[in-house]
Amino acid sequence: MYGITPFGRNPFTLFNVFNDIDRDFFSDTMQTNSCRTDIRDAGDKYIMEAELAGFEREDINIDIKDSYLVISAERKKSSDDDKENKYIRRERSYNSYKRSFDVSDVDTEHVNAEYKNGVLIIDLPKKKHEEPVSRRLEIK
């Protein structure tokens with residue numbers, strides 16, 4: 001029971017649950033799971049849809065290295081933005097986001113992506129598995 005309890009929390013204090021909700025809701029940091037991703041099997045390919053609302057197309061990078069696909073995005077804050085605009089409160093963060101996916105079963109040479117309405121859609125064609133060739137050897 002104590003092994004799965006985060007450090008510094010008493011598992012028997014009910015108020016810690018409410019403090020965590022309050023801290024998470026009013027936090028200034030971007031949550032690591034804020035970019036929700038759906039992956040579905042469409043027969044000959046996988047289709048990945050990742051919510052990246054608020055990002056421009058130029059702010060998003062998709063890299064494939066070894067057998068991993070990495071999606072990264074960064075919102076850049078301009079220092080002039082604060083000087084020109086007199087914000088009373090600022091809740092939208094300017095952070096970066098990065099997530100990796102195992103694509104060892106994907107034909108990485110034919111991956112396609114598009115970004116529209118805040119959703120990144122990536123077509124991941126499956127590798128074609130070739131049946132092993134069998135042959136009979138002659139005995140000499």
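Residues Ile39 and Phe101 have side chains in contact (heavy-atom distance under 4.5 Å, counting atoms from C-beta outward). Considering only heavy atoms from C-beta on, Leu124 stays 4.5 Å or farther from Thr108 through its side chain. Here the side chains of Lys98 and Val70 are in contact, with some heavy-atom distance below 4.5 Å. Using a 4.5 Å heavy-atom threshold, the side chains of Asp123 and Val111 count as separate.
For the side chain to side chain donor-acceptor pair (under 3.5 Å) test, residues two or more places apart in sequence or in another chain that qualify with Thr37 are Arg99. A search for side chain to side chain donor-acceptor pair (under 3.5 Å) contacts involving Glu49 returns Arg40, not counting sequence neighbours. Every residue was checked against the side chain to side chain donor-acceptor pair (under 3.5 Å) condition with Asn112, not counting sequence neighbours, and none meets it.
Sorted by first and then second residue, the pairs that involve residues 125-140 and meet side chain to side chain donor-acceptor pair (under 3.5 Å), not counting sequence neighbours, are Asp41-Lys126, Asp105-His129. For residues 55-72, no residue pair satisfies the side chain to side chain donor-acceptor pair (under 3.5 Å) rule, not counting sequence neighbours.
Heavy atoms from other residues, nucleotides or ligands lying under 6.0 Å from CG of Asp102 number more than 12. The environment of CD in Glu114 is crowded: more than 12 heavy-atom neighbours from other residues, nucleotides or ligands sit within 6.0 Å.
Using a 4.5 Å cut-off between side-chain heavy atoms of Ile, Leu, Val, Met, Phe, Trp and Tyr, Ile121 falls into a hydrophobic cluster with Ile47, Val119.
Checking side-chain atoms of Tyr115 against main-chain N and O of Phe55 turns up a donor-acceptor pair under 3.5 Å.
Atom-to-atom distance recorded for Ile60:CD1 and Ile71:CD1 is 8.5 Å, nearest 0.5 angstrom.
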